[in-house]
Protein chains: 2
Amino acid sequence: MNLSRHPTTYPTRYQEIAARLEQELSHYRCGDWLPAEQQLATRFGVNRHTLRRAVDQLVERGWVQRRQGVGILVLMRPFDYPLNARARFSQNLLDQGSHPTSERLLSVLRPASGPVADALGVAEGRDIIHLRTLRRVNGVALCLIDHYFSDIAWWPSLREFTSGSLHDWLEARLDIRLIRHQTRISARRAQAKESRMLEIPNQAPLLCVRTLNHREGAHSVAEYSVSLTRADMIEFTMEH
Amino acid sequence: MNLSRHPTTYPTRYQEIAARLEQELSHYRCGDWLPAEQQLATRFGVNRHTLRRAVDQLVERGWVQRRQGVGILVLMRPFDYPLNARARFSQNLLDQGSHPTSERLLSVLRPASGPVADALGVAEGRDIIHLRTLRRVNGVALCLIDHYFSDIAWWPSLREFTSGSLHDWLEARLDIRLIRHQTRISARRAQAKESRMLEIPNQAPLLCVRTLNHREGAHSVAEYSVSLTRADMIEFTMEH
DNA sequence: TAAAATTTGTGCGTATGTATT
DNA sequence: GAATACATACGCACAAATTTT
């Protein structure tokens, strides 16, 4: 078995096209759609498979994103550039749930799945409150948080939450102050759905922070939250 | 442009095959070759394109590697398996530098680079102590830490450190107790060198923890450390 | 509400080129 | 040189998702 490197080879057709498309990305803005695959294939005089392969490269590099039935979305923006140059936002690790600028994507009453039930300390299948919020900075999706609450008495109030700071809302409407009890931090690649919601390339690294929160004075878990944050944009900090 | 969620979809044929192949990887050892694409395609009753697409997934995940004219090389080690099944090790976020099982890879006196000098609060180019340690669990490389110390008076003692807990060593040999003052947590993909040292696929997600440590009572930074941990194996926890 | 059109996603069959054994 | 195996590319067809009519 020969482990030596392969000699350099001439670029294949799909690589040529990928390079060309990458150049031309500068003619687009974030949010623009590329011409349809068939159009591009015709223009380059190749089969659609070959064109798709070229686009695959751009997807891998994180420049564009596919949307079935819609088209190919251009992600690259001047905004992203400095980020990889270590110009990440810095965020206090303990601030989860108190972002002043998050919007609600989902709020439902639903049976607790296994992991959620475990975290909240309730029986699997019991109804719990599930909110999902998205935090944007300058219009860029940054952080997706799932909040799970065990006390469905909060539902009438929580269901009306639409945007702002969730923890401020709890304090203002229900006079409830939540205190962080446990934090778990991990990282992994974004899965397909997550990368769509956060508008990032598939497989991009995400920071995952899971927290257990109590009410002041109480010992049972009132909230379990799971946040997914673009790792290229955020760094968590903590002063001791 | 509609950013609403996509409905869940059923796995496609190639995804099914990818999942099946991933299961079966445990039947192989690192260095084994998979059966030829045509054989696998025949066995699954699909076209070779479809089979190739399934293998593409394994390549993306870093389990196998293609060699033109040779075959498909199995990279994965059996040990890696349970990890993706969410069986990550749990580690206290504040334990950096005190792993009882780390080994020294490097110990040198060298001029401080820009970022290190900034962190330690010394002039760029001034000599500092640089130690690099690797932590293994069951023989598997888990965590790579660069330690930078501003006080070169510690050098005669630190240069003799070879393995064990670095912070224990400092306390035993120099009667120095270090206290965490600031923690920064980020995540990114492994670069080529890092993936070699940690024996993981390139681009695999890493957790990066950077800390500033003081001596008890003192205010200046005595140690700056940067740890890189396999994100598929570790989850950090913190009780408040 | 429903159907049609558009666009990407998946899959098959085939042909040819390239690298290795 | 021959055999084997992966790499690239074309053409066609249909499925799935979305948007438009």
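Computation of the quantities below employed the complete heavy-atom set of this structure, encompassing side-chain atoms and omitting hydrogens, waters and symmetry-equivalent molecules. Not measured: the values here are computed from a predicted model. Proteins come first, then strands; the chains are lettered A, B, ... in the order of their sequence lines, and each starts at number 1.
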TODO: Ignoring hydrogens and angles, tell me if any N or O in the side chain of A/R184 forms a donor-acceptor pair with the backbone of A/L212 under 3.5 Å.
DONE: no
Task: Side chain A/S150, main chain A/V221, donor-acceptor under 3.5 Å - done: yes
[X] [atom1] to [N] [atom2]: how many Å, rounded?
{"X": "B/F44", "N": "C/dG11", "atom1": "CZ", "atom2": "P", "answer": "13 Å"}
{"X": "A/R67", "N": "D/dT18", "atom1": "CZ", "atom2": "C1'", "answer": "12 Å"}
{"X": "A/E37", "N": "C/dG9", "atom1": "CD", "atom2": "C1'", "answer": "8 Å"}
{"X": "A/W33", "N": "C/dT7", "atom1": "CH2", "atom2": "C1'", "answer": "10 Å"}
{"X": "A/I72", "N": "C/dG9", "atom1": "CD1", "atom2": "C1'", "answer": "12 Å"}
{"X": "A/L40", "N": "C/dT6", "atom1": "CG", "atom2": "P", "answer": "17 Å"}

TODO: Could you grab the distance from atom CG of A/L21 to atom CG of A/L51, nearest 0.5 Å is fine?
DONE: 6.5 Å
Open item on the list: Measuring from atom NE2 of A/H167 to atom CZ of A/R177, what distance do you get when rounded to the nearest 0.5 angstrom?
Closed with: 13.0 Å
Show me the protein contacts with nucleotides 1-4 of chain D, counting only N or O atoms at under 3.5 Å.
none

- [ ] Could you encode protein contacts along nucleotides 8-14 of chain D as a string, one character per nucleotide from 5' to 3', using B for base contact, S for sugar-phosphate-only contact and - for no contact, with a heavy-atom cut-off of under 4.0 Å?
- [x] BBBBB--
- [ ] Taking all non-hydrogen atoms of both residues into account, name the closest pair between A/G125 and A/P111 and its distance.
- [x] O-CB, 3.3 Å
TODO: Return the minimal non-hydrogen interatomic distance between A/I128 and A/F149, and the atom names on each side.
DONE: CB-O, 3.4 Å
Open item on the list: Does B/R43, at its CZ atom, have more than 12 non-hydrogen atoms belonging to other residues, nucleotides or ligands within less than 6.0 Å?
Closed with: yes
Task: Pair B/D56 + B/R66, salt bridge at N-O below 4.0 Å - done: yes
Open item on the list: In terms of relative ring orientation, are A/W169 and A/F161 parallel, tilted or perpendicular, with 30° and 60° separating the classes?
Closed with: perpendicular
Open item on the list: Any side-chain N or O of A/R66 below 4.0 angstrom from OP1/OP2 of C/dG9?
Closed with: yes
Open item on the list: Regarding D/dA7, can its base be found pairing with the side chain of B/Q68 as donor and acceptor, where the two atoms are less than 3.5 Å apart?
Closed with: no
